[in-house]
Every structure is written in C-alpha cells, then in structure tokens.
J.: 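One structure coming up, written as structure tokens, with questions to follow.
In what follows, every heavy atom counts, from backbone to side chain, and hydrogens, waters and symmetry copies are set aside.
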Amino acid sequence: MSGAVGVPGRRSGEDVAAEETASSAEPAAPADTEPGAKEPGDATSGDKEDAPATGDTPQPQDASAEQEQPLPPGAVDLSQTKALSGRGASSPARRRGAVRQGELTRALRALRDQLGAFELVLDVPGVEEAREARLDIRNQLDDYVLPRIQAAGTPMLVVLGGSTGAGKSTLVNTLVGSRVSATGVLRPTTSSPILVCHPDHAQWFLEGPLLPGMGRVPGPAPDAIAGDQLVIISSDALPPGLALLDSPDFDSVFEDHYEFATKLMAAADVWLCVTTAARYADAMVWQMLQRARDNGATVGVVLSRVPQGAGAEVVDHFAEMLAEQGVGDARRFTIPETRVEESRLPEETIEDLREWLVGVAEDAEGRHIVIEDTLAGVLDSFRTRVPELAKHVETQVEQRAELARLVETAYSTALAELDEATRNGSLLRGEVLARWQDFAGTGDLLRSLHVRGRGARRSNRRRKGNPTRVRALKSALRAGLESLIQSSAEHAAEQVIARWREHPAGGHVLAGPAADMGHASPELSRRITRAVSAWQDHVHELVRTEGVTKRSVAKLVSFDTEALSLVLTIGLLGYGTSDVAVEGGTSAVPQRLLKALFGAESLRGMGAKARADLRSRIGMLFDEEAIRFGQALDAAGIPDETVPVQLYQATYDLEVAR
C-alpha cells in the first residue's frame, strides 16, 4: 500500500499543490475583485468575507487576542493560510482571517454556554441518549474544537481506540520503536491515556488547551495508574507533526474507561479504530465507529491478527460491513497474525500504516487538509446534532407545558365553579340569610328609602334604619364570600397536586418543595379579605355614582346608598333564584325593588360592572396562587420554551460565523 497523503474522497496535499500550480498559469484577478469569493479548500468560511460590518462586528485586533496560544516550534498557524482567510498570506487577508476566526470562536463559545444552561431532568423516552449527546457536544467543543481553532498549527493528533486486547498499545509501541505503553495478558492493560509526541511538542501538550478537563503528567510512566491523568511521553521516533494517543479500551469492565475512550475520540484529528479478525463483528466496535462518524471525525481502521489462510475473506467481509455502516471511506490497514516481541510487532507488518501517518505528518499542506477536514466534519455534524438535541429538549418543554396546563385548568375550573356559586344563591344561606332576614324583615330595608312629601315627615332614625343591622349584613356577606373563595382555592391546589401525581413528569416536581403545596398559601386569607372588602366598596361606589333612579321615582323617593349597595349585592349573589322569604309573611324581592328604582338598563349595567370586578379580583388571587406552581417547575429545573429556541439560534449563528 502506498504512503499517499490524505484520506479517501478528500484532496491530498499533492492534489492541492498541482491545482495551485495549474491555476498560477492563469492571469490573477485583482485582490478585491470579488470580495465574497471563496478559495478551494476553505473549510470554515460560509459568508462573504468582505461584507460590510454591522452591529458589534469585532475588530481584527480583538479577534486576534482571543487566539493567542503558544505554538510548538516550527508549527504553522492555519489562521494565516488561505484555508481560513481565503486570500493567501497577504496582510489584509491575515486580518480578515483573524476576524473570521474570532467570530467563529465566539459563536462556538456561545453554543457551548447554551449547552450548559439547561438540564434534561425528566426521565422521558430517549433522555439518556440526549444527555449523552449534550455532554458529547459540549466536551468536543472544549476538548477539541476550540483548542484546535485557536492553535491550528499544532501536531495532528491520532487517537487509537479499540476493544480489550485488540493490540492498541502494541501498535503504539511499534510505531514509536520502544515500549511506551503497557501491554500484557492482564485486561484492561492501559489504565491511563498515553500520549506520545516529538520532544518539541511535549511542553505544549503538557500546558496547552487540548483536553482541558484532564490532568497532565510527564512520562515515562507507562505502567503507572494515573486515573484520569494524561501521560505525556516524548520520542524522537515521531516526526514533529504527529502525536499518538493510546486510549483505554472502550469495552473495559471499568465504566470510566469507556468515558475516557469516547472523550478522547472526540478530541482526535484522526481516530484509528483497532480491532481483530476475531472480534471485528462485535456490536461495540460498530457502535463506536458510528459514533465517530456522527461526531465528524476522520476515521481509520486497523484490522489486526488476520489469519494467513483466510485473510482475504475476512478483509473483504470487513470492508463490506464498513460500507454498510456508512464508514466505507475510512482508511483501512491490515496486520497479519504474527509474533510479538518486547511488546512490539515486526516492522514490516505496520509499514503501510507508518508510511501514511509519517507522510501526512511531514507534509504540512496534507496535514492541514486532514485536520481541516476533521474540524469541518465536526462543525458540519453540529448542523444535525444540535437540532436533534433541541428536539429532545422540546419533549421536556412539552412535559413542562402539560404540567403548567394542569395548573391553569385547576384554577380555571375553580374560578368557573365559584362564578356559578355567586350567581345561584348558594351564598344566601346560614349567617348571610339570617342577617338578610333581620335587615329586610324588620323594616330597615324600607326605612332606607326616603319618601318625600308634606305628609311624610319621619325621624332621622326611622328613615336611616338600624346601622347595626346594615353592618352585620355587610360583614356576613363578606365572610361568606371569603369562605367560598378560600375553599375554592384549597380545592384547586389539591387538584393540581393530584393531577401532577398522575402525570409521568409530575413525580420529579413533587420530589421537591411542591409536595407540600396541596393547600392554599398561608397569605391567601389576608389577600382575600382585602379583595372582598375592596369589591364591596366598589359596589357601593357604583350605586353612589351610577345608580340614577328613574325620573318618576326620583320625585318621590331617595335612598341610603350603603343599604342599597347591600341590596344590589344580594341581588347579584341570588340572580336567577326564587324570591327569598322573610319572616312576617313579607317577601323582599331585591331584583324587583332594584328595577323599580333604577330601571332594567341601569341595573344591568351596574350588575355587569360589579360582577366583572368581582371575577377580576378573584382571578388575580388565583393567578397569584398558580404562580407558586410555576416557581416549583422552575425549581425542578425543567427547561422552558426558550431553551430549544436558543439552541436553534446558536446553530444558525455558528453557520453564519463559518
């Protein structure tokens, strides 16, 4: 197999050089002829570079400040090449490339921050996959994308992943030419990730931004267990443009090894899957290959321990499976079954693999193409991965909306029932009925009307009636209405908790403070008292300001507004019911009396305003009660409707920045 640079389906460095040589023979267009034109190989720009700046478009010096990272000796910063700037290496192009890189960095950081601004707290179908996807994207942004953009000229990182006993460590040792990673019969052997690089790059890997969440320790210490520490080993056997990382087995019995393996896979410029002829059909191998494909990685595969007799058949079947799983363009290498001496394979068995890796590393243009292809693949994957995550978030939002609707339904039903109770006369019982009978049956109602004329002289006391009975009736009406509102609020709160318990997502909310919210809030009673008292004052004011008596009646009768406001209240609360009988065989008919005094049209207007005001005040009380349940949803951490919108917006902003 030849040592051609690049990956299948993508241009090699030699191809790019040939294209550039051919294009150089054509007349060159002026530098600013087409401001929005993109050069071939521009993997990161998606807009016209010279479009007029708007809003808070960053200046070049601000963007360049964000990308200042120490580069290893001899490294080339890709932000100064045409791959990012689209213009070659002129000074204006460098500034435009810096602006573009700064915009892209800000968009990626905004996406990362948005991914950390919510939690998928409800156990709905698919939530585990969504949680893992969210963590994968965020880790990939932190561990690979942002560091790679800010230090684009660092070595190409090749991460070797595979199942237990596949021979990753042996392969690394062979490529390096010495035992740098532990091998043996004990499984899993590699307990800590081992990174091998040229000595010129060792310090950068120890202190650089790659994999910021992992600790770093200098090697050699291949047999030491360092937990989640990244062991950095320098070796002159590797060229300056190449770094190899031996990751823990992804099917290890230790759960954290799988987490490390997937984390390191997402940080690779090239992910090299190592499997064997005996285990290449294992489900875990294909799961990891599909994961690498979906994450945008450049993938290579090594099929080791291929039997001499049936080698072609195994290799062909493996190639068919790769094509079926959508990774048929992965670069493939085979290693026959052979002896292992001093933790290393015979050199001739890995000749093709070494030739490819070294060839890519030593050719700066080819190395940049591989790195850019991977970076572009990762960014392309965000076009689908982030919206898919947003759809899972929408499922959580829908569950929250259903819980919120249960609250709204409970209090709306309570308000409707209470509205009916204030119309059908059910309040005119007990204490209220007794006080009404006392007021109307003793003649105080009639005495509240002032009959004018020369033969109608009476004492002030008789005309005004007994104020004690008026106050008692007013107090009884207020107490009865307060009790009705309080019981309705209690019932609504009970209904919310009962319905939440029945809802699949309600258990999570009720695990918190909401479990104690099955009753009305302690301060509701005080608020109800203020609201009912204010409503009674409102009815009194309506009678005083809008209660214009009919002209024919006004010539003969005037009235006491406070007493008549109570009559209006009784009429409102007993509207549509039969007359209320009083002692002495007399019937007080509030509606007839009110119509006789004010006329039907004036009475309807006052009644509508009084009833609307009462409903509004009760509605406000219930709205305040319902707020408690909204706060419980917030405290439970369930995403609201703004979260998926912001994820979609972050995806769009990233595309604009590219």
J.: Does Leu477 form a side chain to side chain contact (heavy atoms under 4.5 Å, CB included) with Leu481? I'd like the steps, not just the answer.
T.: CA-CA 6 Å; Leu477 284 169; Leu481 195 52; over 6 Å; no
J.: Yes or no on side chain to side chain contact (heavy atoms under 4.5 Å, CB included) for Val432 and Leu573, after CA distance, side-chain angles and deciding distance?
T.: CA-CA 11 Å; Val432 175; Leu573 299 178; 5.9 Å; no
J.: Strictly below 4.0 Å, N to O, side chains only: are Asp537 and Arg544 in salt-bridge contact?
T.: no
J.: May I ask you to say whether Asp613 pairs ionically with Arg617, meaning some side-chain N is under 4.0 Å from a carboxylate O?
T.: yes
J.: Kindly indicate, with the supporting measurements, whether the criterion side chain to side chain contact (heavy atoms under 4.5 Å, CB included) is fulfilled by Leu389 and Leu120.
T.: CA-CA 10 Å; Leu389 176 61; Leu120 297 165; 4.1 Å; yes
J.: Report yes if some heavy atom in the side chain of Phe629 is under 4.5 Å from a heavy atom in the side chain of Ile497; otherwise report no.
T.: yes
J.: When rounded to the nearest 0.5 angstrom, what is the spacing between CG in Leu647 and CD1 in Ile137?
T.: 8.5 Å
J.: Run Ile618 and Asp419 through side chain to side chain contact (heavy atoms under 4.5 Å, CB included) and show every step you take.
T.: CA-CA 9 Å; Ile618 297 174; Asp419 189 54; over 6 Å; no
J.: Answer yes when Asp136 and Arg291 have at least one side-chain N-carboxylate O distance shorter than 4.0 Å, and no when they do not.
T.: yes
J.: Looking only at atom types and distance, does a side-chain atom of Thr409 sit under 3.5 Å from a main-chain N or O of Arg405, one as donor and one as acceptor?
T.: yes
J.: Is a side-chain donor-acceptor pair under 3.5 Å present for Gln649 with Asp653?
T.: yes
J.: Name the orientation class of the two ring planes belonging to Phe250 and Trp271 (parallel below 30°, tilted from 30 to 60°, perpendicular beyond 60°).
T.: tilted
J.: Tell me, do Asn295 and Val378 make a side-chain contact under 4.5 Å, heavy atoms counted?
T.: no
J.: Mind listing the closest non-hydrogen atom pair of Ser488 and Ala414 along with its distance?
T.: O-CB, 3.8 Å
J.: Using modelled atom types only, decide if a donor and an acceptor are shared between the side chain of Glu562 and the backbone of His540 within a distance under 3.5 Å.
T.: no
J.: For a quick test of reading the model, state the closest non-hydrogen atom pair linking Leu210 to Asp143 and the distance between them.
T.: CD1-O, 3.1 Å
J.: Which heavy atom of Arg148 sits nearest a heavy atom of Leu375, and at what distance?
T.: CG-CD2, 4.3 Å
J.: Strictly distance-based, threshold 3.5 Å: is any side-chain N or O of Arg138 a donor or acceptor partner for the main-chain N or O of Arg112?
T.: yes
J.: For residues Ser565 and Gln536, is any side-chain donor paired with an opposing acceptor at under 3.5 Å?
T.: no
J.: Is it the case that atom CD in Glu601 sees more than 12 heavy atoms from other parts of the structure closer than 6.0 Å?
T.: no
J.: Answer yes or no: is there a donor N or O on one side and an acceptor on the other, between the side chain of Arg435 and the main chain of Lys474, under 3.5 Å?
T.: no
J.: Measuring only between side-chain heavy atoms, which start at C-beta, is Leu484 closer than 4.5 Å to Leu418?
T.: yes
J.: Would you check if the side chain of Trp500 reaches a backbone N or O of Leu403 as a donor-acceptor pair within less than 3.5 Å?
T.: yes
J.: Going by an N to O cut-off under 4.0 Å, is there a salt bridge joining Glu641 and Arg400?
T.: no
J.: Tell me whether the count of non-hydrogen atoms from other residues, nucleotides or ligands lying under 6.0 Å of OH in Tyr648 goes above 12.
T.: yes
J.: For the pair Glu625 and Arg527, find out whether any cationic side-chain nitrogen is under 4.0 Å from an anionic carboxylate oxygen.
T.: yes
